[in-house]
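Accompanying notes for the structure given below.
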Amino acid sequence: MSFCPHCPAIFGSEETLAKHIVAIHPMCTEASCAQPSTSAATTSSPQIADGGGNLEVAPLLSLLTHEQKDLLLLRALANDNSLVYHVLASVLKPLTPEAATVRLRELDAAGVMDTMNAYLEAGAGHNALTMLRVSTIALSECLNALGALISHGATGWEESEELEAVERLPAAASLGQLWVEALEASGAEEGTPVSECISDEDESILLQLSEALPKVRAVQPALLLGPEADSSATVTVEDALRKLRAALAKLAESGLAGDGPAAKKARR
């Protein structure tokens, strides 16, 4: 991403940015405007005067809680609307499976769902899909571990680490609902539908989750629905799998089906 230093415009390359500056900001000199300056951001953090010298801002930020940082960001956005473009650019920046895995470890189940919903609402369906892949794989592994414990007749599984691991992740029904919503959403890259970014690998990911459900469903069905789910209105993993297969069939008919490298990377 390249940001114009004179207006809120955002461009995919520095070449496009340079053309924009020449056309829209002709009074700017080529030397000072064609290339956005990043030296200040990379060599040192902003400083503030404290009466007896300067304080580095970066170390101070590390002392703040997430809530305090959020509040400061909201205040900054209220004072300078142009910052919204930078926030949106960060949200739309492609999320790697590795980064999604880190986010998954940092958040609780509600936080993961909020993150995926926020990506969808912002038009970053690709990022929501990446989070979905990583979350679905993680839940499948945790459910398999819990199911193995149950099938072996182990006592005390209700207080096991395996159960805690499942509870830290979104419920299976919640993920099923998000899969359906992601398949209907538009992505960040020129409005490309997420349904055109899926592959057979995604079917395998959802199928593994579906196969991990029966052993746990037999003894603790509510665990798969989530704390606030209405079973009569819940979109199940099987529903999501059917919708995914229909989308894959449509892709095959149109000749747009691909290898889905992002899905392969997520599984690793």
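Throughout, residue positions are numbered sequentially from 1 according to the sequence presented.
- With values rounded to the nearest 0.5 angstrom, Leu139 atom CG is found 9.5 Å from Glu141 atom CD.
- The CG atom of Leu149 lies 5.0 Å from the CD atom of Glu162; values are rounded to the nearest 0.5 Å.
- Inter-residue side-chain proximity for Thr130 and Thr96 is flagged as unmet; no heavy-atom pair is nearer than 4.5 Å.
- Here Ala165 pairs with Cys142, Arg168 under the side-chain contact (heavy atoms from CB on, under 4.5 Å) rule; sequence neighbours left out.
- Nearest heavy atom pair, residue Asp202 against residue Cys197, reads OD2-O, 4.4 Å.
- Under the rule for a side-chain hydrogen bond (donor to acceptor under 3.5 Å, both in side chains), Ser140 has no partner lying at least two apart in sequence or in another chain.
- When side chains are defined from C-beta on, Gln220 does not count as touching Glu158, because their heavy atoms never get closer than 4.5 Å.
- Shortest non-hydrogen contact noted between Trp179 and Thr136 is NE1-OG1, 2.9 Å.
- Between Ala138 and Leu104, the shortest heavy-atom distance links the atoms CB-CD2, 3.7 Å.
- Considering only residues two or more places apart in sequence or on other chains, Gln68 meets the side-chain contact (heavy atoms from CB on, under 4.5 Å) condition with Leu64, Thr65.
- Nearest heavy atoms, Ile198 versus Arg133: CA-NH2, 4.1 Å.
- Taking all atoms of both residues into account, the shortest heavy-atom contact from Trp157 to Leu163 is O-CB, 3.7 Å.
- Linking Ile, Leu, Val, Met, Phe, Trp and Tyr residues whenever their side-chain heavy atoms come within less than 4.5 Å leaves Met131 and Val102 in two separate clusters.
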Which donor-acceptor pairs under 3.5 Å do side chains of residues 105-113 form with protein atoms, sequence neighbours excluded?
residue	atom	partner	partner atom	Å
Asp108	OD1	Ala110	N	3.4
Asp108	OD1	Gly111	N	2.7

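- Here the straight-line distance linking atom CG of Leu206 with atom CG of Asp239 works out to 11.0 Å at 0.5 Å rounding.
- Residues meeting the salt bridge (Lys or Arg N to Asp or Glu O under 4.0 Å) test with Lys215, sequence neighbours left out: none.
- Looking only at side-chain heavy atoms (C-beta outward), Leu209 and Ile205 stay at 4.5 Å or farther from each other.
- Using a 4.5 Å heavy-atom threshold, the side chains of Asn117 and Leu178 count as touching.
- Taking Arg217 as the reference, Leu213, Pro221, Leu224, Glu238 meet the side-chain contact (heavy atoms from CB on, under 4.5 Å) condition, with sequence neighbours excluded.
- For Ala212, the side-chain contact (heavy atoms from CB on, under 4.5 Å) partners at least two apart in sequence or on another chain are Leu143, Asn144.
- The closest side-chain heavy-atom distance from Val216 to Val166 is not below 4.5 Å.
- Interatomic distance, Met116 CE to Asn127 CG, rounded to the nearest 0.5 Å: 12.0 Å.
- Considering every non-hydrogen atom in both Ala182 and Leu120, the closest pair reads CA-CD2, 3.8 Å.
- When the salt bridge (Lys or Arg N to Asp or Glu O under 4.0 Å) test is applied to Glu203, the partners found at least two apart in sequence or on another chain are Arg245.
- Applying the 6.0 Å contact sphere to CD of Glu159 captures no more than 12 heavy atoms from other residues, nucleotides or ligands.
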